[in-house]
Protein chains: 2
Amino acid sequence: MHRIKQIPLFSNLSFSYIDKLQKISTVKSFNKDEILFYEGDSPIYMHILLEGSLRLYKTNSKGNQIFLHQFKPVCLVAELANFEGISYPATAQFLTKGEVLKIDYKKLENDFFKNPEISLQIIRSLTNKLKIMSDVVTNEVILTSEAKIAKFIIENSELFGKLKNTQIASILNLTPETLSRTLTKFKNMGIILESDRHKIVVINEKELLKLYT
Amino acid sequence: MHRIKQIPLFSNLSFSYIDKLQKISTVKSFNKDEILFYEGDSPIYMHILLEGSLRLYKTNSKGNQIFLHQFKPVCLVAELANFEGISYPATAQFLTKGEVLKIDYKKLENDFFKNPEISLQIIRSLTNKLKIMSDVVTNEVILTSEAKIAKFIIENSELFGKLKNTQIASILNLTPETLSRTLTKFKNMGIILESDRHKIVVINEKELLKLYT
DNA sequence: TTCTTTCATTGACATAGGTCAATTTTTACA
DNA sequence: TGTAAAAATTGACCTATGTCAATGAAAGAA
């Protein structure tokens, strides 16, 4: 109960409504690497990520996982599938242990959209997801691997200090080999340099920006 | 005025509200090939496509246009940019002559989301766009060109009778050469055959489905 | 119908990025 | 601190799809 009140989507609801929600929802815990849902599954529940970090990916014909997004709490997950009654368009897997509020969507649906506060939150959530997907298209369809890496350095340079190159490569949907070769190239061009502990220092930001804009 | 009443998004509005909308909006006509907005432009107006067929595309580093979607009236266009105050993520160009309702978004914004009827329509529109983008990702990132073509034949075989292969290739973001080679391959495999007037007849639908599922 | 232009097909080749294997470097644990 | 395991680097090669050019086929204009 206390959990539901803290979810932005539901924070403005009346007590009676929250009580009703309470009755049709459960909190479920997941361990690292557990799957919340697979691509192609039919949705029964609406999922709200409460704790932990959730990775969304699709699988291509070679069996490679194509990274789409990493969700942080608190947020709706794959509500598109609920709203449209279609199967999940991607797989969701926990990167850490986590918790999810599962709501019986069918029971919710009828009056879910009537509440203006909820509508507004849904619009926010959908808008956010649309932006995510638009970025996925830009990154995966429009940019070359060099451009992707340049963009990632500009936008997420701190992650080089925290993650291994294999992990960064998988976020970028590139092989570690390609990432390594490209970083070497950037170093040779004098655009970046690598300080201790695997950190990247941008020397020539202008040049880096030019590579993807 | 009469136009606004016919737009599903606004059909349930009170007369006074429609009157207000009327004052901040204009209808503009476009010729074939004219651009409604360019990728990167800052949005001022909210656009509603009233007539004609509108092509949405992004441009990659080689200058190729990457086809995203073809809009049919009546629908909101690129509302994401309005809602988020970001620049247009793609270019919109008319394929035929057409008409657009342009609404001064800043004047609309304040009370736009308060009306539950409008909210619901916006949710519909956003959901629809999210599905479109999810399909773009599937087609452009997940599927091979062979799979894309197989899927297109299953879902749009009638278009082969209406469009030239160059046009189909551009919808699929492939070169005409690749399309031609793949169709020849499918013919040799006995999966399809080409009847008169450039029409495609599917002989082995099962096999075609297997190529992309 | 004939001519001209556009479109489709085909072959030869180019290229980005992936794959595989060998080697070196880093990390983590005993 | 030494050593095993994991990660990064590098080279050689592969593959899907694009590019370019030549030719043949279809469609529209005269």
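Reminder, nothing fancy here: chain letters follow the sequence lines and each chain counts from 1.
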Discussion item. Side chain of B/Leu174 only, heavy atoms from C-beta on: which candidate in D/dA7, D/dG18, D/dG11 is closest?
Written reply: D/dG18

Worksheet item: Would you say B/Lys187 has more than 12 foreign heavy atoms packed within less than 6.0 Å of its NZ?
Response: yes

Practice prompt. Could you list all the salt bridge (Lys or Arg N to Asp or Glu O under 4.0 Å) pairs where at least one residue sits in residues 155-166 of chain B, not counting sequence neighbours?
Written response: none

Fill in: Atom-pair distance (CG on A/Asn64; P on D/dT15), nearest Å
16 Å

Worksheet item: Over how many whole Å does the gap from B/Glu194 atom CD to D/dA25 atom C1' extend?
Response: 12 Å

Worksheet item: Within the pair A/Ser180 and D/dA8, is there a side-chain N or O less than 4.0 Å away from OP1 or OP2?
Response: no

Worksheet, complete the sentence: Here the gap from A/Phe94 atom CZ to A/Thr96 atom OG1, rounded to the nearest 0.5 Å, amounts to 7.5 Å

Worksheet item: Can you pull the contact range of chain B along DNA chain C, 5' to 3', using atoms under 4.0 angstrom from its heavy atoms?
Response: C/dC7 to C/dA12

Worksheet item: So, do B/Leu183 and B/Asn165 sit near enough that their side-chain heavy atoms are less than 4.5 Å apart?
Response: yes

Item to complete: In sequence, state the C-alpha distance, the side-chain angles, and the governing distance for B/His47 and B/Lys102, and then conclude on side chain to side chain contact (heavy atoms under 4.5 Å, CB included).
Response: CA-CA 5 Å; B/His47 297 291; B/Lys102 299 175 69 166; 3.8 Å; yes

Worksheet item: Taking B/Thr127 for the side chain and B/Ile123 for the main chain, is one N or O donor matched with an acceptor at less than 3.5 Å?
Response: yes

Worksheet item: Closer than 4.0 Å, any side-chain N/O of A/Thr184 to the OP1 or OP2 of D/dT9?
Response: no

Discussion item. Heavy atoms from C-beta onward define the side chain here; which of D/dT10, D/dA8, D/dG18 lies closest to that of B/Lys62?
Written reply: D/dG18

Worksheet entry | Rounded distance (Å) that lies between atom C1' of D/dA8 and atom CZ of A/Phe160 | 13 Å

Worksheet item: Which whole-number value in Å describes the distance from B/Ile149 CD1 to D/dT17 C1'?
Response: 11 Å

Worksheet item: Do B/Glu51 and B/Lys97 sit within salt-bridge range, that is, some charged N less than 4.0 Å from a carboxylate O?
Response: no

Practice prompt. Quickly work out the B/Arg181 CZ to D/dT15 C1' distance and round it to whole Å.
Written response: 14 Å

Worksheet item: Could you give the CD-to-C1' distance, from A/Glu177 to D/dA8, as a whole number of Å?
Response: 9 Å

Fill in: Residue-phosphate contact under 4.0 Å: B/Thr178 side-chain N/O, D/dT17 OP1/OP2
no

Discussion item. Whole angstroms only, please: what is the CD-C1' distance between B/Gln167 and D/dA26?
Written reply: 15 Å

Worksheet item: If you pin A/Glu146 and A/His198 to their nearest nucleotides in DNA chain C, which one's is more 5'?
Response: A/Glu146

Discussion item. In this structure, how many angstroms lie between the C1' atom of D/dA16 and the NZ atom of B/Lys185, rounded?
Written reply: 11 Å

